[in-house]
Amino acid sequence: FLSFKSLSSASVERLLASRAESPFTSIEDFAIRSGVTMEDGALLITLGACDSLGLRRVEALVRFRAAMLGSSHSQKMNGQPGLGFTDDLSHFSLSHLSDYDPLYQFRLERNTFGYSVTNHPCDFLRRYTDGTITSSEVSNYIGKRVSVLGAIAATKTVTTKRGERMLMLNLSDRSGLMDTVVWPEQYLKNYTQLATAEALRVTGKVAESFGVCTLEASVVEKMEFEN
């Protein structure tokens, strides 16, 4: 559970202790015995920690919340009177519930883990690919002007001898990483886009030094992830 940044330590400790006694047999069993909070349990389910119980995540989440609200265990723990919720939805059909939006799942994973498990960022950039080349093709265009598209993987701001700021960044696509340099003039011109973007389409000239290709940016465009 180290990758789940926002899980409370108390929930993790209680869950591990309960699982050590016996595996969870259903989502209702997980709700009653795991000892996790409503918020922590919902996060675990939404991110796939309970997939082995054989339910779609959206269905598992509804049944988990019903079990948490309706179980006598929960009522005793909170010292509150019963609210009249049923804790067993196994006989209800939840097939009408829509699965989670892929982009929502992608962002939730990135916010929680720092990376995506289900999708590659480029899955949400398909509409912008016309006229671009992949990072693996860049070495075939040394000295030529090309456009590349990718998610921002890493950035580093550098100050030149003249005291001007420039940016070194890596763009990630399905074939690898593209080293990109944004010179001071372009950095100043596109600062807002560069500071807020998750993905970029960069056009420029491909340079090569000691066997390493770098794209020298002349046009920088902020791209938005879309389903």
Side-chain angles (χ1 to χ4, degrees), residues 1-7 43 46-48 99-227:
F1 299 102
L2 295 177
S3 296
F4 288 80
K5 300 176 183 177
S6 56
L7 281 185
L43 182 63
T46 306
L47 289 170
D99 288 324
Y100 293 118
D101 180 279
L103 185 55
Y104 168 79
Q105 191 75 34
F106 168 77
R107 291 197 179 283
L108 183 61
E109 290 172 355
R110 295 243 294 191
N111 291 338
T112 304
F113 303 137
Y115 53 88
S116 174
V117 177
T118 307
N119 293 93
H120 190 282
C122 287
D123 290 344
F124 306 101
L125 298 172
R126 293 190 181 98
R127 63 170 294 195
Y128 307 115
T129 58
D130 288 350
T132 66
I133 65 171
T134 65
S135 59
S136 62
E137 298 173 313
V138 168
S139 60
N140 299 325
Y141 293 88
I142 295 173
K144 298 180 180 179
R145 181 181 171 88
V146 300
S147 296
V148 299
L149 172 71
I152 298 175
T155 63
K156 180 180 180 180
T157 303
V158 178
T159 302
T160 68
K161 292 180 179 179
R162 295 182 179 181
E164 299 173 312
R165 302 182 77 186
M166 55 181 286
L167 184 69
M168 310 292 292
L169 62 88
N170 294 131
L171 293 179
S172 170
D173 63 18
R174 287 191 173 278
S175 64
L177 294 173
M178 177 66 225
D179 292 333
T180 306
V181 58
V182 183
W183 298 115
E185 181 181 354
Q186 291 298 323
Y187 180 68
L188 183 61
K189 179 181 178 181
N190 297 284
Y191 176 78
T192 301
Q193 293 191 84
L194 291 166
T196 60
E198 295 179 291
L200 294 169
R201 176 177 171 135
V202 179
T203 301
K205 182 179 179 180
V206 179
E208 186 270 334
S209 178
F210 300 102
V212 178
C213 291
T214 302
L215 182 64
E216 299 178 340
S218 58
V219 179
V220 176
E221 302 170 85
K222 178 181 177 180
M223 300 289 105
E224 299 290 348
F225 291 130
E226 297 180 0
N227 277 310

| task | Name all residues meeting the side chain to side chain donor-acceptor pair (under 3.5 Å) criterion together with Asn190; count only those two or more places apart in sequence or in a different chain, and write none if there are none. | result | Gln186, Gln193

| field | Where Met223 and Arg201 come nearest, the two heavy atoms and their spacing | value | CG-N, 3.7 Å

| note | With sequence neighbours left out, the residues meeting side-chain contact (heavy atoms from CB on, under 4.5 Å) with Arg127 are Glu226

| query | Just by distance, do the side chain of Arg126 and the backbone of Asp123 share a donor-acceptor pair under 3.5 Å? | reply | yes

| Can you find a pair of side-chain heavy atoms, one from Thr160 and one from Trp183, that are under 4.5 Å apart? | no

| Short question: side chain of Ser175, backbone of Ser136 - any donor-acceptor pair under 3.5 Å? | yes

| Gap between atom CG of Leu108 and atom OG1 of Thr46 - 0.5 Å precision | 6.5 Å

| query | Do Asp173 and Ser135 get their side chains close enough for a donor-acceptor pair, meaning under 3.5 Å? | reply | yes

| Closest contact, heavy atoms only, Gly204 versus Ser218 | CA-OG, 3.6 Å

| said: Can you confirm whether more than 12 heavy atoms, excluding those of Tyr191, are under 6.0 Å from its OH atom? | reply: no

| Should Leu215 and Leu171 count as side-chain neighbours, where that means a heavy-atom distance under 4.5 Å? | no

| task | Please confirm whether the backbone N or O of Glu224 pairs with a side-chain atom of Tyr128, one donor and one acceptor, at under 3.5 Å? | result | yes

| remark: Taken to the nearest 0.5 Å, the spacing of Lys156 NZ from Asn170 CG works out to 11.5 Å

| note | Smallest heavy-atom separation, Thr196 atom then Lys222 atom, equals OG1-NZ, 3.0 Å

| message | Between Thr118 and Phe106 (side chain of the first, backbone of the second, donor and acceptor by atom type, cut-off under 3.5 Å), is there such a pair? | response | no

| request: Find the distance between OG1 (Thr214) and CD (Glu208) and round it off to the nearest 0.5 Å. | output: 9.0 Å

